[in-house]
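Data first, discussion second: the structure below is written as structure tokens.
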Amino acid sequence: MDARLALAAVAYEVNTAHIETPPVDWTRIGAPPAPAALPLTTPPGPDPDATPVAALLHRASLRLRTDGWCAGTLTDEYGSLCSQGAIRKESAGDRDLEAQAMTVLLEAIRRRFGPHVESVPSFNDSWGTGREPTRMLEQASVLADSRGI
């Protein structure tokens, strides 16, 4: 097997010797740029005349994108919010609407991650970035819109 690998390496060198390759400028090579925490485009959401719960969940996902995401508290000292904090802020004190939104969000989370997820706060706090919690708010918005709630 060693002889075959050596022969293949020689054949590769011979077969690719005629291909010109520009020299690499090693001074321009560095660490890859850090990925953006969240895309800057506004995610598609329910239509503006959507049902109340769907609209609330969509506004909450936009709120996380603009104000920032946090874990372990509803709002941190910088004004960032967790999933429940964003829903609470966007519900403007309507506790019934907030409860409906939390129920739909928990169902969307359990559909994606399984029935072992205990609550929205425990799901939110299990992430290092707000990418997945924000995505789940968007999916819950679509779920609520499809149900007409």
Side-chain angles (χ1 to χ4, degrees), residues 1 5 8-9 12-13 15-17 19-149:
M1 187 59 150
L5 287 174
Y12 176 79
E13 292 294 326
N15 291 336
T16 59
I19 299 174
E20 288 188 35
T21 56
V24 175
D25 182 8
W26 293 105
T27 61
R28 298 191 60 182
I29 306 246
L38 296 170
L40 299 176
T41 59
T42 301
D47 101 27
D49 300 321
T51 59
V53 175
L56 169 61
L57 289 163
H58 182 65
R59 287 193 316 271
S61 74
L62 294 176
R63 173 73 63 177
L64 283 185
R65 289 175 179 277
T66 57
D67 290 358
W69 171 86
C70 69
T73 183
L74 290 176
T75 306
D76 70 5
E77 64 271 11
Y78 304 108
S80 299
L81 301 159
C82 72
S83 299
Q84 184 176 1
I87 289 171
R88 182 165 290 169
K89 192 165 190 176
E90 288 299 324
S91 70
D94 187 342
R95 293 293 186 164
D96 183 49
L97 186 62
E98 178 185 339
Q100 289 178 24
M102 291 292 287
T103 301
V104 173
L105 178 56
L106 183 58
E107 183 181 341
I109 290 168
R110 285 180 174 163
R111 282 182 173 197
R112 171 83 169 89
F113 294 97
H116 68 278
V117 177
E118 295 177 18
S119 65
V120 172
S122 67
F123 172 79
N124 183 81
D125 295 349
S126 67
W127 295 94
T129 67
R131 181 177 223 97
E132 201 60 40
T134 303
R135 184 177 297 142
M136 290 314 303
L137 280 167
E138 294 164 5
Q139 289 181 7
S141 173
V142 170
L143 178 61
D145 191 47
S146 69
R147 291 185 176 168
I149 57 173

Distance-minimising heavy-atom pair for Ser141 and His58: OG-CB, 3.6 Å
Reported CG-to-OG distance for the pair Leu74 and Ser83, which is rounded to 0.5 angstrom: 10.5 Å
Using 0.5 Å steps for rounding, measure from the CG atom of Leu137 to the CD atom of Gln139. 10.0 Å
As an exercise, state the distance from CE of Met102 to CG of Leu97, rounded to the nearest 0.5 Å. 12.0 Å
Checking the side chain of Thr103 only, and the main-chain atoms of Ala99 only, is there a donor and an acceptor separated by less than 3.5 Å? yes
Using a 3.5 Å distance criterion without hydrogens, assess whether the side chain of Ser119 forms a donor-acceptor pair with backbone atoms of Ser122. yes
Closest non-hydrogen atom pair between Ala108 and Met136, with its separation: O-CE, 3.2 Å
Salt bridge (charged side-chain N to carboxylate O under 4.0 Å, His left out) contacts in which one or both residues fall within residues 101-119, not counting sequence neighbours: Glu107-Arg111, Glu107-Arg147
Taking the side chain from Asn124 and the backbone from Cys70, do they hold a donor-acceptor pair closer than 3.5 Å? yes
Mind listing the closest non-hydrogen atom pair of Ala60 and Ala86 along with its distance? O-CB, 3.6 Å
How far apart are the closest heavy atoms of Ala101 and Val53, and which atoms are they? CA-CG1, 3.8 Å
Under the ring pair (Phe, Tyr, Trp, His ring centres under 6.0 Å) rule, what pairs show up with a residue in residues 125-149, not counting sequence neighbours? Phe113-Trp127, Phe123-Trp127
When rounded to the nearest 0.5 angstrom, what distance separates OG1 in Thr75 from CG in Asp67? 9.0 Å
Please report the interatomic distance CZ(Arg135) to CD1(Ile109), rounded to the nearest 0.5 Å. 13.0 Å
For residues 59-108, pull every pair meeting ring pair (Phe, Tyr, Trp, His ring centres under 6.0 Å), keeping only residues two or more places apart or in separate chains. none
Taking Gly72's backbone N and O only, do any of them form a donor-acceptor pair with Asp125's side chain (distance below 3.5 Å, no angle check)? yes
Glu98/Arg95 ion pair, N-O < 4.0 Å: yes
Rounded to the nearest 0.5 Å, how far does OG1 of Thr66 lie from CG of Leu81? 8.5 Å
Heavy-atom pair of closest approach, residues Thr51 and Ala144: OG1-O, 3.9 Å
Thr134 and Glu138: CA distance, side-chain angles, deciding distance, side chain to side chain contact (heavy atoms under 4.5 Å, CB included) verdict: CA-CA 6 Å; Thr134 303; Glu138 294 164 5; 3.7 Å; yes
